[in-house]
Amino acid sequence: MQHVQDVPSEESPSRDFEPDFEPSQDVERADLPVTEASEQEPAEQTDEAPAARPEPKKPANPDLETLPEGADISKLDPEARQELKSLPKAQAEDVGQHLAAAGMLIDEDPELALKHARIARGKASRVAIVREAAGLAAYHAGEWAEALSDLRAVRRMTGSNAHIAVMADCERALGRPERALDLAKEVGTDVSPATAVELRIVAAGARRDMGQLDAAVVALQGPRLGPEATGPVERAAVLRVRRQP
């Protein structure tokens with residue numbers, strides 16, 4: 001029987017042709033022998049392309065990864081340190097560091113100071129000095145409702161009216177000037193001279209908000225109510241009163 005030699009047609013691809021895709025390794029190639037090397041090929045690909053590792057979680061507050069230099073419980077006043085002794089030693093050290101950081105940053109970066117104060121509050125919310133620090137930090141950062149909540153808690157814990165002017169100013173900032181005046185009347189003269197001055201400033205601003213301009217002017221007359229005001233509420237309250245239209 002005569003064998004006819006196969007002649008590749010012009011349409012048949014040559015051996016030099018490379019396809020645009022790689023065939024699946026599960027497909028048996030008749031023209032390629034199965035060798036030991038080809039069986040190990042998948043392992044080589046695995047080595048070249050290892051599985052992606054999960055990215056490490058970022059801290060919830062990147063700004064708080066490190067405390068400011070010098071932020072240590074020893075920077076707190078003796079009264080604050082005494083209050084923190086009600087906590088376990090390690091917890092007191094941790095809370096004290098964040099309270100110190102809040103005190104260091106409250107003027108230059110009140111928002112970051114508030115973050116530190118919030119961390120301290122989250123660890124020791126039943127300690128009055130912690131709530132006091134959180135309330136004052138919130139006040140400086142313009143978080144009026146948060147400041148009012150913390151300072152109300154301090155007042156309940158201690159029975160002190162030391163921050164009543166700050167509370168009244170928060171009420172005014174929240175659009176409740178009548179409530180600010182009520183707080184000022186509520187305490188009467190049971191406050192320190194400095195707090196009494198601050199309350200007069202806040203009351204003047206509240207009366208201005210209510211359209212009682214003459215009464216506001218009268219309240220602002222007196223010592224320690226000029227540009228030299230330096231109390232914790234005096235500077236903020238005086239500026240707020242004066243920039244009202």
Side-chain angles (χ1 to χ4, degrees), residues 99 102-118 120-122 125 128-245:
L99 291 184
M104 294 169 61
L105 295 166
I106 197 166
D107 287 325
E108 63 185 55
D109 193 344
E111 291 183 356
L112 184 54
L114 178 55
K115 289 180 180 180
H116 283 286
R118 283 171 174 167
R121 184 182 62 198
S125 62
I129 191 65
V130 174
R131 299 299 291 272
E132 179 182 5
L136 294 177
Y139 177 78
H140 280 267
E143 298 292 341
W144 317 118
E146 183 177 352
L148 187 57
S149 175
D150 280 319
L151 294 178
R152 279 174 177 166
V154 175
R155 194 182 185 199
R156 288 194 303 269
M157 292 175 178
T158 65
S160 171
N161 289 322
H163 300 296
I164 196 71
V166 183
M167 295 169 62
D169 200 38
C170 288
E171 293 282 10
R172 184 190 165 218
L174 290 168
R176 301 191 291 252
E178 298 88 352
R179 181 57 185 150
L181 293 175
D182 289 343
L183 278 175
K185 293 176 183 177
E186 181 182 319
V187 297
T189 59
D190 187 21
V191 291
S192 67
T195 301
V197 170
E198 294 171 355
L199 272 175
R200 287 171 56 195
I201 296 171
V202 177
R207 293 195 179 280
R208 186 183 180 95
D209 294 343
M210 298 166 65
Q212 301 173 6
L213 302 183
D214 292 340
V217 172
V218 171
L220 285 175
Q221 294 176 356
R224 294 188 60 190
L225 295 178
E228 68 279 5
T230 57
V233 178
E234 287 172 331
R235 289 173 295 176
V238 168
L239 288 175
R240 196 180 296 113
V241 169
R242 290 177 176 172
R243 67 170 172 257
Q244 293 290 332

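If you read the sequence from its start, that first residue is 1, and numbering goes on from there.
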Quiz prompt | side-chain contact (heavy atoms from CB on, under 4.5 Å) between L114 and E146, worked out | solution = CA-CA 10 Å; L114 178 55; E146 183 177 352; 3.9 Å; yes
Which heavy-atom pair separates [X] from [Y] by the least distance, and what is that distance?
X: A134; Y: A117; result: CA-CB, 3.7 Å
X: L199; Y: A168; result: CD2-CB, 4.2 Å
X: L99; Y: A120; result: CD2-CB, 3.7 Å
X: P110; Y: H140; result: CB-O, 3.8 Å
X: A147; Y: Y139; result: CB-N, 3.5 Å

Interatomic distance, [X] atom [atom1] to [Y] atom [atom2] [nearest 0.5 angstrom]:
X: E132; Y: T158; atom1: CD; atom2: OG1; result: 8.0 Å
X: T195; Y: I164; atom1: OG1; atom2: CD1; result: 9.5 Å
X: E198; Y: S192; atom1: CD; atom2: OG; result: 7.0 Å
X: R172; Y: D209; atom1: CZ; atom2: CG; result: 4.0 Å
X: L174; Y: D169; atom1: CG; atom2: CG; result: 10.0 Å
X: D109; Y: H116; atom1: CG; atom2: NE2; result: 8.5 Å

Side chain to side chain, [X] and [Y], heavy atoms closer than 4.5 Å:
X: M167; Y: R152; answer: yes
X: L183; Y: V202; answer: no
X: R208; Y: L213; answer: yes
X: L148; Y: R176; answer: yes

Verdict with supporting geometry, E178 and L181, side-chain contact (heavy atoms from CB on, under 4.5 Å):
CA-CA 5 Å; E178 298 88 352; L181 293 175; 5.8 Å; no
Does atom CD of E186 have more than 12 heavy-atom neighbours, drawn from other residues, nucleotides or ligands, at distances under 6.0 Å?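 More than 12 within 6.0 Å, yes.
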Checklist entry - Backbone N or O of S125 within a donor-acceptor pair of the R131 side chain at under 3.5 Å? => result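 At least one qualifying donor-acceptor pair exists.
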